[in-house]
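To start, the structure itself, in structure tokens.
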Number of protein chains: 2
Amino acid sequence: MAEGKVTSLHVARRAGVSQSAVSRVFSGASASEQTVRKVRKAAEHLGYRPNPLARAMITGKSKIIGLVVAYLDNQFYPLALEHLSNALQEQGYHVLVFMAPNDEAAVEKVVHDLMDYQVAGIITASVGMTNDLTQRCTDAGIPVVMFNRGQDGSGISSVTSANVAGGAQIADFLVAGGHTRIAHIAGWEGSSTGRDRQRGFTDRLAHHAMESVAIIDGHFDREIAAQATRDIMAGPQPADAIFVGNDHMAFAVMDTLRSELGLSVPDDVSVVGYDDVPLAAWAAYDLTTLRQPLVRMVEATVDTLLAKITDAARPAQKIEIEGPLILRGSAKIPEGWTA
Amino acid sequence: MAEGKVTSLHVARRAGVSQSAVSRVFSGASASEQTVRKVRKAAEHLGYRPNPLARAMITGKSKIIGLVVAYLDNQFYPLALEHLSNALQEQGYHVLVFMAPNDEAAVEKVVHDLMDYQVAGIITASVGMTNDLTQRCTDAGIPVVMFNRGQDGSGISSVTSANVAGGAQIADFLVAGGHTRIAHIAGWEGSSTGRDRQRGFTDRLAHHAMESVAIIDGHFDREIAAQATRDIMAGPQPADAIFVGNDHMAFAVMDTLRSELGLSVPDDVSVVGYDDVPLAAWAAYDLTTLRQPLVRMVEATVDTLLAKITDAARPAQKIEIEGPLILRGSAKIPEGWTA
DNA sequence: AGCACATCTGCATACGTGTGCAAGTAAATT
DNA sequence: AATTTACTTGCACACGTATGCAGATGTGCT
């Protein structure tokens, strides 16, 4: 009932036990049934809540998860943030946001900040300069999970969708649709996500004895994707289908095709994206896209991270989650494919 | 250079001073020039950084700002989050995210969590059950600033755009455009933001001796806004212009008008939004809208909050920032108005 | 020179919790 | 009955920093 700084000592006095006993009850250590009862009762009466900062100081680990994120333009990431925060909140953790740095010096700063706050774990999303950052935090013993991005060499956990398989699915789909001049505006070359989608896509095209008429790195950027679209359509072999590395760029591609070049989607050009952000379902775009199962990816991320926090010896995991191709109106639907 | 827990005591030993001296140097208290030099040098050599948790424990105030946010669907809020976090990071603060609760019990939990972490201040955005939450935190002595929402009675600081004036601007614009059947899909009735825009709008219409043909509460929700659109266009007086309480709903309105009802925007119906999120500039929507100056709103929010943190006696401020109407293609442009 | 005054410094303690250690108790074993 | 074993519990200390207090040092004044 009473407000204003009630500590474990107050609880202890009222329950007629020592402060250590109170601590043990609330930190999950063993205590006799009777002690637990007395302590809980006194605590409830006083409105006691353990101080997480004091707890963090003693244990060296706070109940804070550092989320490092570079940008929030792409709708996929705010939604990921929302779900991550909710999921972690349910487990008693909270998300401390770190805007990802561009230059070397800023990386330094963020790494230090993360360690200063003794974060229990780190999730990175949409980050460019991730190599250095993740490695250093891992070296410092802080569990790291990369969300929607992998890193081949080093033993760092990651959760992504099955990007190679996704790229392949889209290749099958566009080939079945009878397209003959297929182009690809890829995700950033520096991200595993972009590379894997591209590889799955081109390998599968090759399997159909086909080849992209153009492959351009879109850097996950609207403006660059728009310019890539102009280049592709002005080239010697204008595409009749474009697979775009993510939805965010795909919207720019569609805008450019329709408003700037006066072309029809999908009559002149089919467009396929990747992510299935909510906006993809809106009538203005109605984008055919490969869905990344956000909720399951978030669950996997949280599970992996918390497991690693609980058991530091746990080896790194690279989790891939399959997603379905969502058929909408931005791309010709082959005979027999059901929407 | 050395890693692994270097404390003020280590620095003190190396500098040949007491631990208190080190503390004073880093907490800005007074110290002789010579001491400062010795301490800084030793600190740099050892790679010392003050522990913010320990500091928070002793002072009762952490360098953490609690950001309470309900949803991130509306692009306006993730962008606000991004800018807020960046601005606060520059001032040495960090953002701890709290997903806003729907029910009473969850509010309780969030309030407690906020106090447990001894946040230095709180920013609320897009929150419904804000009354109780803000009041209790204010009572507990924690500075609160409401972002993009006001609260009339109680003395809580807020930063919004000039919503009444904005609504009025839009009324002038639509009247000048020669529209005769103007409707309004309002923002949520429970938010000051929605109410103010509506009031400015209808008052100004009245000033032109006009009246809305329909006013429907859209609750800032796409689905509800879409249904409102259907109702308005199926009514006895189908609108030739609709002012929508924010961009997020306006997109749904445009989708419904064009794809579902087969109407042309702006030939059949002009649509005007509020916010000017990036998406509004994309070709698929090209939405005429009243810009909320995000960067300046963020600056004002951070300034107000930090000022209140530094000086608790500072009275609450309600800051309103004017924004321009951005003329695009979704609404008829009156003669003489320049885009 | 003597005194008032301002400034700096170190000592000690506090913040609120977790945890090793030893003492205590009750139950189980020989 | 004596001894081992398994649990509890309280004591004391640690985590890393801030800060009141008293002593020390230096400056300016009459």
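Numbered from 1 within each chain, the chains take letters A, B, ... in sequence-line order.
Side chain of A:Ser192 to main chain of A:Gly150: a donor-acceptor pair is present (N/O by atom type, distance under 3.5 Å, no hydrogens or angles).
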Within the 4.0 Å limit for protein heavy atoms, which parts of nucleotides 19-28 of chain D are touched? Write it as a string from 5' to 3', B for base, S for sugar-phosphate only, - for none. BB--------
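Look at NZ on A:Lys38: it is 12 Å from C1' on D:dT8, rounded to the nearest Å. Atoms CZ (A:Arg13) and P (D:dG10) sit 14 Å apart, rounded to a whole Å. Residue B:His10 contributes atom NE2, which lies 13 Å from atom C1' of D:dT17 at whole-angstrom precision. Summarising the geometry, the separation between CD on A:Gln34 and P on D:dG10 is reported as 11 Å, rounded to the nearest angstrom. When rounded to the nearest whole Å, the span between CG of A:Asn51 and C1' of D:dC15 equals 13 Å. Rounded to whole angstrom, the span from the CG atom of B:Leu9 across to the C1' atom of D:dC13 amounts to 16 Å.
Counting only heavy atoms from C-beta outward, the side chains of A:Met99 and A:Val69 approach each other to under 4.5 Å. At a threshold of 4.5 Å between non-hydrogen side-chain atoms, the residues A:Pro52 and A:Lys63 do not count as touching.
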List every contact pair, protein side and nucleotides 4-6 of chain D side both N or O, where the distance is under 3.5 Å.
none

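Rounding to the nearest 0.5 Å gives a distance of 12.0 Å between CD1 of B:Ile58 and CG of A:Leu53. Once rounded to the nearest 0.5 Å, the distance linking CD of A:Glu299 with CD1 of A:Ile319 reads 11.0 Å. How far CD1 of A:Ile64 is from CG of A:Leu88: 12.0 Å, rounded to the nearest 0.5 Å.
Closest of all the heavy-atom pairs between B:Ala120 and B:Ile309 is O-CG1, 3.3 Å. Here the closest non-hydrogen pair linking B:Leu114 and B:Gly66 is CD2-CA, 4.0 Å. Here the closest heavy-atom approach between residue B:Tyr77 and residue B:Leu72 is recorded as CB-CD2, 4.2 Å.
In this model, no donor atom of one side chain and acceptor atom of the other lie less than 3.5 Å apart for A:Glu90 and A:Asn86.
Residue B:Thr7 places none of its side-chain N or O atoms closer than 4.0 Å to OP1 or OP2 of D:dG16.
Seen from the ring of B:Tyr48, B:Arg40 does not count as a face-on cation partner, given the 6.0 Å and 45° thresholds.
In terms of the ring pair (Phe, Tyr, Trp, His ring centres under 6.0 Å) criterion, A:Phe220 has no residue partners (sequence neighbours excluded). Residues that satisfy the salt bridge (charged side-chain N to carboxylate O under 4.0 Å, His left out) test with B:Asp73, not counting sequence neighbours, are absent from this structure.
Here A:Ala56 lies out of heavy-atom contact (under 4.0 Å) with every strand. Among the heavy atoms of the strands, none lies under 4.0 Å from A:Val22.
Ion pairing between a basic and an acidic side chain is recognised when a charged N comes within 4.0 Å of a carboxylate O; A:Arg136 and A:Glu108 show such pairing.
Contact footprint of chain B on DNA chain C: nucleotides with an atom under 4.0 Å from a non-hydrogen protein atom, first to last in 5' to 3' order, C:dC8 to C:dG16.
For the helix from C:dA1-D:dT30 to C:dT30-D:dA1, the terminal axes (five pairs an end, C1' atoms, rotation from four pairs onto the next four) enclose an angle of 40°, given to 10 degrees.
Comparing B:Ser18 and B:Met57, the nucleotide of DNA chain C nearest to each residue sits closer to the 5' end for B:Ser18.
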